[in-house]
Undergrad: 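For reference, the structure I am asking about is given below.
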Amino acid sequence: MISAVPVRDRVSGLASTAELPAYVYDLVELDAHLSAVRAALGDVELYYAVKANPDPELLRVLSPYVDGWEVASGGELAHVRELFPDASIALGGPGKTEKELLSEVTRLHVESPGELRRLLASGHRADVLLRVNLDVPIEGASLAMGGGATPFGMDPEGIAECVAMLEGQDAVRLRGIHAHLASGLDAARLLVLAEAVLTYARGLGVTEINLGGGMAVSYADPDDRFDWRSYGEGLARLRRPGEVLRIEPGRSLTVYCGRYVTQVIDVKRVHGELFAVVAGGTHHLRTPATKGHDQPLVMGAPGEPVTIVGQLCTPKDILARKAPMRLEVGDVVEFTMAGAYAWNISHHDFLMHPKPSFHYLTAR
Ligand SMILES: *Cc1c(COP(=O)(O)O)cnc(C)c1O
């Protein structure tokens, strides 16, 4: 039986441990973070990449701070439209269906000459950015969407083909360039890429440039935060009069506000190693499995390293390896950095365990 251990004050949004496992979102922290990011960006337009976390409660906190939303499917588009009927929306993503291509959006990010051909043939009106994959060296990224052969965007030949197709068109208007080349880069590296993208866009004679997202987040060192101020200052230096610069981060905006809180069901030693099995697991918080990291957590009393696993019948259901803390049956375990690419990327239905509960802290 799970004993009733009092939940720490910081998860005060929970009435009792009966609500565990739970996602707890600190909306006060999110608001403060967004306010600092916004202040650092000056005139740079900020869109939020909805795929990082589409939770309506988070989107409502984001809304006053963003100039628009970047959506990657018709589903995300409908979701955002319902919440914010008049908001600016950019639709991107490879493999847009006919229905997606014909949707009414502020900007359509075109991913290939074939996609543009289908759009032109439809007669639909659209304002487009062409997504470029520049052949630039990308170092230190956790994921690369550009800088070589990938299915994302177009190489400069593809862009040239699109530019030629758009000449003399009035239904489909070329507004500028979109680039999202890598994720997990620090401010200095992102500014190097921004300069390359800007140089390229100026060569085409366009003045609207979306530089993408991908601002670094460190799961190994949660206090090592992206330097928004130097990034904002760098973009202000790079920007020329008349140019509109836009970014569309996801993870770096919402990751810090979410926690996944659960409770230890069993502790055991197997072939000498210590394991703590918690309620829930990677079907609720897939991030450590997909990124291959140990999910950061709130440390308890120091103790023999223990590997924290979930309830799934697979050796991949590991949340954190060898955490140096003492855990007993009934203890509450609080994983941090679970506000982006966490619940919404998880395979909830595998094994049919109950879903977590969701809580939103609106006051300290
Ligand atoms: C996923 C994605 C983003 C957001 O990336 P983050 O790493 O979450 O900042 C932005 N733009 C595009 C095109 C994307 O696919």
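When a ligand or atom number is given, it counts from 1 through the structure's own listing order. FYI, side chains are in, hydrogens and waters are out, and symmetry mates aren't considered; it's all heavy atoms of this structure.
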Undergrad: Let me see the working for Glu273 and Lys268 under salt bridge (Lys or Arg N to Asp or Glu O under 4.0 Å), right down to the final yes or no.
TA: CA-CA 8 Å; Glu273 253 188 61; Lys268 60 192 196 181; over 6 Å; no
Undergrad: For Ser357 and His359, which I'm curious about, is there any donor-acceptor pair between the side chains at under 3.5 Å?
TA: yes
Undergrad: Using a 4.0 Å cut-off on heavy atoms, what residues surround ligand 1? Order them by chain and number.
TA: Ala49, Lys51, Glu70, Arg131, His178, His180, Ser183, Gly213, Gly214, Glu248, Pro249, Gly250, Arg251, Tyr341
Undergrad: Do Glu76 side-chain atoms and Ala72 backbone N/O form a donor-acceptor pair below 3.5 Å?
TA: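 Yes; judged by distance alone, with no hydrogens or angles, the pair exists.
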Undergrad: Could you check whether Lys51 pairs with Glu70 (Lys NZ or Arg NE/NH1/NH2 to Asp/Glu carboxylate O, under 4.0 Å)?
TA: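 Salt bridge flag = no for Glu70 with Lys51.
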Undergrad: Testing Glu45, Glu248, Arg246 one by one against Asn210 for a side-chain hydrogen bond (donor to acceptor under 3.5 Å, both in side chains), which residue passes?
TA: Glu248
Undergrad: Side chains of Asn53 and Thr254: any donor to acceptor distance under 3.5 Å?
TA: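 There is no such pair between these side chains.
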